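No hydrogens, no waters, no symmetry mates; every other heavy atom, side chains included, goes into these values. Just so we're clear, the structure is a prediction, and the values are computed from it rather than from any experiment.
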Amino acid sequence: MSKWHALPILFAILFLPFAAHWPQQTIVLDGIGFYSLAMGAMLASFAGSLRPGHEPLVSTLARHVHGTLRDDVARYTRRVTMFWSFFFAIALLLPAALFLWGPSGSWRWPMTGGTIAAAVFAMAVEAFLRRIVIRNFDHVSLRTTITAFRDFRPASRQKEAADA
């Protein structure tokens, strides 16, 4: 067993006394941890793809669906990747900001469906704006986009799958 596989076990052992004495607080901390992990992973995925020498994540997905991208489409998909990076950064910081400056208990709103609702709304608005901003282009349906995202594998994973 590698040292990384032992980390969750060690964490559970250290966390167990806290959970036994303060179960409600443990549930809250567990929710905060999972929310932070999910938003942080999405932020790292989108923002990491904006680094120099990398292709923006939305551009990669669009290229996976459409093949080569026109310059205006490439610019648009880069901006959409930037938008999602900002979205997940705000989503990650919002519970703490609401805890400090919001009404009592409002810090839980993003973690109990507010972020998902905002993401669905943002996706719908973006799909609408995409058709206005990008003209003379063969737009695909939301279902095709979701299927492409689900089936997408980076080049390194494609090579591993072909070798297996």
Name all residues meeting the side-chain hydrogen bond (donor to acceptor under 3.5 Å, both in side chains) criterion together with Thr115; count only those two or more places apart in sequence or in a different chain, and write none if there are none.
Tyr35

Going by the rule side-chain hydrogen bond (donor to acceptor under 3.5 Å, both in side chains), which residues pair with Thr60 if we only count those two or more places apart in sequence or in a different chain?
Glu55

When you compare the side chain of [Y] with that of [X], does any pair of heavy atoms fall below 4.5 Å?
| X | Y | result |
| --- | --- | --- |
| Phe46 | Val58 | yes |
| Pro110 | Leu98 | yes |
| Arg70 | Ile134 | yes |

Would you say Leu93 has more than 12 foreign heavy atoms packed within less than 6.0 Å of its CG?
yes

Would [X] and [Y] show up in the same hydrophobic cluster when neighbours are defined by side-chain heavy atoms closer than 4.5 Å?
| X | Y | value |
| --- | --- | --- |
| Phe87 | Ile90 | no |
| Met123 | Leu57 | yes |
| Val133 | Phe83 | yes |
| Leu92 | Trp101 | yes |
| Leu37 | Met42 | no |

Locate the shortest heavy-atom distance separating [X] from [Y]; write the atom from each residue and the value.
| X | Y | result |
| --- | --- | --- |
| Pro95 | Met111 | CG-CG, 4.2 Å |
| Trp84 | Ala119 | CH2-O, 3.6 Å |
| Leu50 | Arg78 | CD2-NH1, 3.6 Å |
| Leu43 | Ser85 | CD1-O, 3.2 Å |
| Pro56 | Thr81 | CB-OG1, 3.5 Å |
| Pro103 | Trp109 | CG-CH2, 4.4 Å |

d(Ser59 OG, His64 NE2) to nearest 0.5 Å is 14.5 Å

Strictly by side chain to side chain donor-acceptor pair (under 3.5 Å), give each pair with a member in residues 118-134 just once, sequence neighbours left out.
Tyr76-Glu126, Glu126-Arg130

